[in-house]
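Here's the structure, in structure tokens; my notes come after.
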Amino acid sequence: MQYKKWRCLICDYVYDEELGAPDDGIPPGTRWEDVPDSWTCPDCGASKDDFQMEEI
Amino acid sequence: MSAVMTTTRWHDPKRYLWLLGVPVMLLPMLGGWLVDATGLSLFWWFMPLIVYLVVPVADLLVGEDRNNPPESAVADLEKDRYYRWAVYAAVPMEYATLIWGAWVAGTESLAWWEYLGLAISVGMVTGISIAVAHELGHKTDPFEQWLAKIALAPTGYGHFYTEHNRGHHVRVATPEDPASSRYGESFYAFLPRTIAGAMRSAWKIEKARMQRRGLPTWHWRNDALNAWAMTPILFGALIAAFGWIVLPYLLIQAVYGFSLLEVVNYLEHYGLCRKKLPSGRYERCQPTHSWNSNHVFSNVLLYGLERHSDHHANPLRGYEALRHFEDSPQLPNGYAGMILLAYCPPLWFAVMNRKVRAHYGGDLTKANVVPRLRAKLGAPTPA
Ligand SMILES: [Zn+2]
């Protein structure tokens, strides 16, 4: 399965499944659905609901 | 649980105080009325007199409020539409004052110092309205987003809508942020850097957004363009109504208004810096990365903007729910008093440099410092 990217609607931060968010303890390769709901955008604090899948 | 029982009955002591932000927008008109009533043209300068003299003293006398709403009350606070309407109501008042000022400038024969006082008084209102736009622009509701741009139009600072969320919040308290001032940087050095930097950044952000959508940069959906476009329309309409004599008035109030925002930017993050992580990203923004002020009087006038530490750590929190944190650095006065200090760089440095050094335990390599000092400290220059 191909990795997807998700973009924060509020500040444009991109969550790339391939890279994860290691600073937040989310290892590379973590699928969006496996990112905990408590995780927030590292740049602006938006919740997971404020992210949209990026067109590829 | 009894705790639940008591918190459901918690009442917000500031609930009605937040409405004060609305009549503040009308103060220049009160000044105009006082000119008529007393014959003293000093009252054309009513707004700066209030903001620079009355507010700092009131902050000193009324003092601070370090109380926070209980966590259990926050969800209800943020659901309560009343607090949103208390913000919306300020925007028509801003326009009433701007139009009234244009009418006065266009119909009364004022001496130049009276005309200037009028323009500065109105500029203070349109400048404070950027704080209103700030509160609106953080929301994802399209109505609030449009109202934010409308509130920005009188100062021509429409790009603030883009730059604040996608630029400033992302890079805050780093050397890369044009709107975060550096240790050793005077307000007068900061001002041109932040004005140019914010415009450049907003344009870059919008250009990239339009590209992602497959649209040309010059398109009405470019948020910098559609927000900027309101300004010439507004100014054109006021010139058509009251004549060319209002053009200097419009320009003075705009420049004064946005420089008021920028002096506030100057004092919000002075010298503070986020740590760079091994990954190359900066640590998340913490309450310690913004100067905070709990001074009640000016906070109420600015929709809690001075509780800035919590705002940057939790930007989606409504103004009515912002908290005080013990570990965030504290400004010695409210924004109005601190602005006066920022206008006198030697005094500013005397007060604030010591506070920055104390915050970092004397280690300035942890601070956001001006480049020449950075070289002296032997700290690595940011990419
Ligand atoms: Zn974000």
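Letters A, B, ... mirror the listed sequences (proteins, then strands); counts begin at 1. If you're wondering where the values come from, they're calculated on a predicted model, not measured in any experiment.
Of the two parts of Arg171(B), neither the backbone nor the side chain holds a non-hydrogen atom closer than 4.5 Å to a non-hydrogen atom of chain A. For Pro22(A), no part sits under 4.5 Å from any heavy atom of chain B, backbone or side chain. Heavy atoms of Asn165(B) lying under 4.5 Å from chain A belong to its backbone as well as its side chain. With a 4.5 Å cut-off on non-hydrogen atoms, Arg212(B) touches chain A through its side chain but not through its backbone.
Ring-plane geometry between Trp39(A) and Trp32(A) is classed as perpendicular, the angle between the planes exceeding 60 degrees on a 0 to 90 degree scale with a lower cut at 30.
In this structure, Lys366(B) fails the cation-pi test against Tyr360(B), since its NZ or CZ atom is not both closer than 6.0 Å to the six-membered ring centre and inside 45 degrees of the ring normal.
In this structure, NE2 on His308(B) lies 5.0 Å from OG on Ser290(B), to the nearest 0.5 angstrom.
Of all the listed residues (Ser47(A), Gly45(A), Cys8(A), Cys44(A)), the one sharing the greatest number of non-hydrogen pairs under 4.5 Å with chain B is Cys44(A).
A salt bridge does not link Arg284(B) to Asp43(A): none of the charged nitrogens lies less than 4.0 Å from a carboxylate oxygen. By the 4.0 Å N-to-carboxylate-O rule, Glu144(B) lies close enough to Arg84(B) to be salt-bridged with it.
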